[in-house]
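Below you'll find the structure, written out as structure tokens, and then a few comments.
All residue numbers refer to positions in the sequence shown, counting from 1. Every heavy atom of this structure was used, including side-chain atoms; hydrogens, water molecules and symmetry mates were not. Being a predicted model, the structure only gives us computed values, none of them experimental.
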Amino acid sequence: MAARTWPTAREARRRYIPALPTLWPGMLSPLAASRPPAFPFGAKRMTRFYLARNAVYHGAKLLGLPGHEVLVPAYHHGVEVGALAAAGVLPRFVRVDARMRLDLEDLEAKIGPRTRALYVIHYAGFAQPMDDVMAIARRHGLPVVEDCALSLLAAEGTRPLGSVGALGIFCFYKTLPVPNGGALVVNDPDVRGDVPQPEAAPLASTLSHAAGSLLQNAAFRLGDAGEAFRGAARRAYAYVRGATGVRPVSTGTMTFDPATVDLGMSALSELIARRLDADAIVAARRRNYFLLLGRLRDRVVPVFPELPAGASPLFYPLLCDDKAAVGARLAARGIETVDFWRTGHPLCPEEPFPDVAMLRRRVLELPVHQDLQPDDMAYLARCVREAVE
């Protein structure tokens with residue numbers, strides 16, 4: 001067994017590494033950024049929603065998919081399938097291999113007379129082969145929906161993900177420190193009709209999520225003092241919630257709620273997103289992923305062994321024999337992880353897709369977001385190596 005390493009003085013002060021990027025106070029400045037917005041911001045036909053699942057629902061309606069079959073990857077979160085089903089879509093599932101690649105042969109073989117669209121998921125900021133997907137779609141006269149909920153700001157080479165299919169679906173709060181936000185982008189000019197104007201985002205929910213992110217930032221930057229402040233603030237908030245009965249609209253739920261389908265993105269999320277430097281975010285994520293890859297690939301076989309041009313990693317997928325135990329060991333060292341997609345939607349059977357079952361059982365999400373610096377990644381890598389042993 002490897003000897004246990006002990007944290008440096010800086011690591012002892014900073015014992016908290018959040019799973020997602022945090023909201024820094026300076027991001028709340030009303031001054032707009034001078035740089036042009038990155039895709040999808042600035043897209044001509046873009047509708048902003050509170051949640052990306054809202055965009056899935058309304059996109060299915062816009063394409064006239066209710067009552068028809070849509071081919072969907074067997075490896076999915078579950079909530080997007082729930083949104084499709086709620087819209088009246090009949091999902092049929094397609095194989096995904098152990099490296100999160102859509103099986104294009106299985107995709108084309110399953111196209112039948114009832115099929116009306118192809119639904120493609122770009123996993124963790126890494127692109128599916130869209131030229132090949134679009135060639136299949138053209139042969140069969142089908143529109144493509146690109147789900148980029150895990151791949152905001154990513155590209156295939158220089159071509160932004162979500163810009164090729166008839167529709168692009170985006171989630172903002174997984175990649176950016178915004179309290180809510182998703183989007184439906186219509187790329188195909190032949191897609192007619194309008195998306196309903198979303199309702200205003202609930203102010204209490206927006207402020208609640210923003211405050212939580214600010215507190216995470218304090219814990220990340222200030223170590224023990226920030227963690228103590230965060231704990232006190234959370235206890236006070238829990239008291240207020242109990243006294244007032246206020247319940248914010250959560251962003252991390254596993255099920256589709258029709259009651260929230262028409263909620264829009266908040267103005268605060270728009271303000272924060274417009275101020276961020278997309279190129280710097282992508283560069284930091286690529287650097288952090290590369291640093292983990294170099295330190296971990298000899299210990300655990302990587303799902304993505306290379307970092308292609310344009311990839312903007314959302315996280316580092318770590319394969320674990322017991323990801324609950326590894327996650328608990330990392331949590332004890334102050335490192336947040338995410339038990340990634342352990343279950344799918346009930347409509348999708350497990351037996352025909354053994355690679356998907358393996359991914360659900362073994363993938364643990366390690367943070368590589370833009371808040372983290374090289375010394376954070378070195379600490380994270382050391383802790384991971386100890387945890388998997």
Q: Check step by step if side chain to side chain donor-acceptor pair (under 3.5 Å) holds for T22 and D371.
A: CA-CA 7 Å; T22 60; D371 287 359; 2.7 Å; yes
Q. Is a side-chain donor or acceptor of S151 paired with a backbone partner of H122 at a separation under 3.5 angstrom?
A. yes
Q: Inspect the contact between D131 and R159 and indicate whether a charged nitrogen and a carboxylate oxygen are less than 4.0 angstrom apart.
A: yes
(Q) Are L364 and W341 linked, directly or through intermediate hydrophobic residues, by side-chain heavy-atom contacts shorter than 4.5 Å (ILVMFWY only)? (A) yes
Q) Under 4.5 Å between side-chain heavy atoms, hopping through other hydrophobics if needed: is there a path connecting V145 to M46? A) yes
Q | Taking every non-hydrogen atom, the tightest pair across A387 and L330 | A | CB-CD2, 4.0 Å
Q) In terms of side-chain geometry, is the basic nitrogen of R274 or E270 positioned less than 4.0 Å from the acidic oxygen of its partner? A) yes
Q | Option passing side chain to side chain contact (heavy atoms under 4.5 Å, CB included) with R362 (candidates D321, D322, V300) | A | D321
Q: For R329 and V388, indicate whether the former's side chain and the latter's backbone hold a donor-acceptor pair under 3.5 Å.
A: no
Q: Quick one: closest heavy-atom pair of H209 and S250, and the distance?
A: NE2-CA, 4.1 Å
(Q) Tell me whether D298 at atom CG has more than 12 heavy atoms from other residues, nucleotides or ligands lying less than 6.0 Å away. (A) yes
Q: Answer yes if L276 and L20 sit in the same cluster of Ile, Leu, Val, Met, Phe, Trp and Tyr residues linked by side chain heavy atoms under 4.5 Å apart, and no otherwise.
A: no
Q) For residues N180 and S205, is any side-chain donor paired with an opposing acceptor at under 3.5 Å? A) no
Q. Same cluster or not: are L84 and Y75 linked, directly or through other Ile, Leu, Val, Met, Phe, Trp or Tyr residues, by side-chain heavy atoms under 4.5 angstrom apart?
A. yes
Please set out all donor-acceptor pairs under 3.5 angstrom arising from side-chain atoms of residues 85-95, sequence neighbours excluded.
{"from": "R92", "atom 1": "NH1", "to": "K110", "atom 2": "O", "distance (Å)": "2.9"}
{"from": "R95", "atom 1": "NH1", "to": "D103", "atom 2": "OD2", "distance (Å)": "3.0"}
{"from": "R95", "atom 1": "NH2", "to": "D355", "atom 2": "OD2", "distance (Å)": "2.8"}

Q: State whether a side-chain donor-acceptor pair under 3.5 Å links Y16 with E336.
A: yes
Q. Would the number of heavy atoms belonging to other residues, nucleotides or ligands and lying under 6.0 Å from CZ of R45 be above 12?
A. yes
Q) Cut-off 3.5 Å, side chains only: do H345 and E80 have a donor facing an acceptor? A) no
**Q.** Non-hydrogen atoms of G264 and A201 that approach each other most closely
**A.** O-CB, 3.2 Å
I'd like a table of donor-acceptor pairs (distance under 3.5 Å, sequence neighbours excluded) in which one partner is a side-chain atom from residues 57-73, with atom names and distances.
{"from": "H58", "atom 1": "NE2", "to": "V261", "atom 2": "O", "distance (Å)": "3.3"}
{"from": "H58", "atom 1": "NE2", "to": "D262", "atom 2": "OD1", "distance (Å)": "3.0"}
{"from": "E69", "atom 1": "OE2", "to": "T115", "atom 2": "OG1", "distance (Å)": "2.6"}

Q. So which heavy atom on R385 is nearest to which on R295, and how close?
A. NH1-O, 2.8 Å
(Q) On a heavy-atom basis, which atom in V96 and which in A74 lie closest, and how many Å separate them? (A) CG2-N, 4.2 Å
Q: Considering only NZ, NE, NH1 and NH2 on the basic side and carboxylate oxygens on the acidic side, decide whether R360 and E350 come within less than 4.0 Å.
A: no
(Q) Assigning hydrophobic clusters by single linkage (Ile, Leu, Val, Met, Phe, Trp, Tyr; side-chain heavy-atom cutoff under 4.5 Å), is V79 placed with V120? (A) no
Q) Is a side-chain donor or acceptor of N54 paired with a backbone partner of T260 at a separation under 3.5 angstrom? A) yes
(Q) Does either side chain, that of R285 or that of Q370, offer a donor lying less than 3.5 Å from an acceptor on the other one? (A) yes
Q: Run through F315, F304, Y316 and flag the one making a ring pair (Phe, Tyr, Trp, His ring centres under 6.0 Å) with Y289.
A: Y316
Q: May I ask you to decide if M265's main-chain N or O and S269's side chain share a donor-acceptor pair within less than 3.5 Å?
A: no
Q. Distance-only, no hydrogens or angles: does the N288 side chain make a donor-acceptor pair with backbone N or O of L372 under 3.5 Å?
A. yes
Q) Considering all heavy atoms of both residues, which atom of T47 and which atom of P196 are nearest to each other, and what is their separation? A) CG2-O, 4.4 Å
(Q) Looking at R361 and V356, would you say the former's side chain and the latter's main chain have a donor-acceptor pair under 3.5 Å? (A) no
(Q) Whether the side chain of S213 engages the backbone of A210 through a donor-acceptor N/O pair (distance < 3.5 Å, no angle test) should be reported. (A) no
**Q.** Backbone N/O of Q373 and side chain of D376: donor-acceptor pair under 3.5 Å
**A.** yes
Q: Tell me yes or no: between the side chains of T253 and R53, is some donor less than 3.5 Å from an acceptor?
A: yes
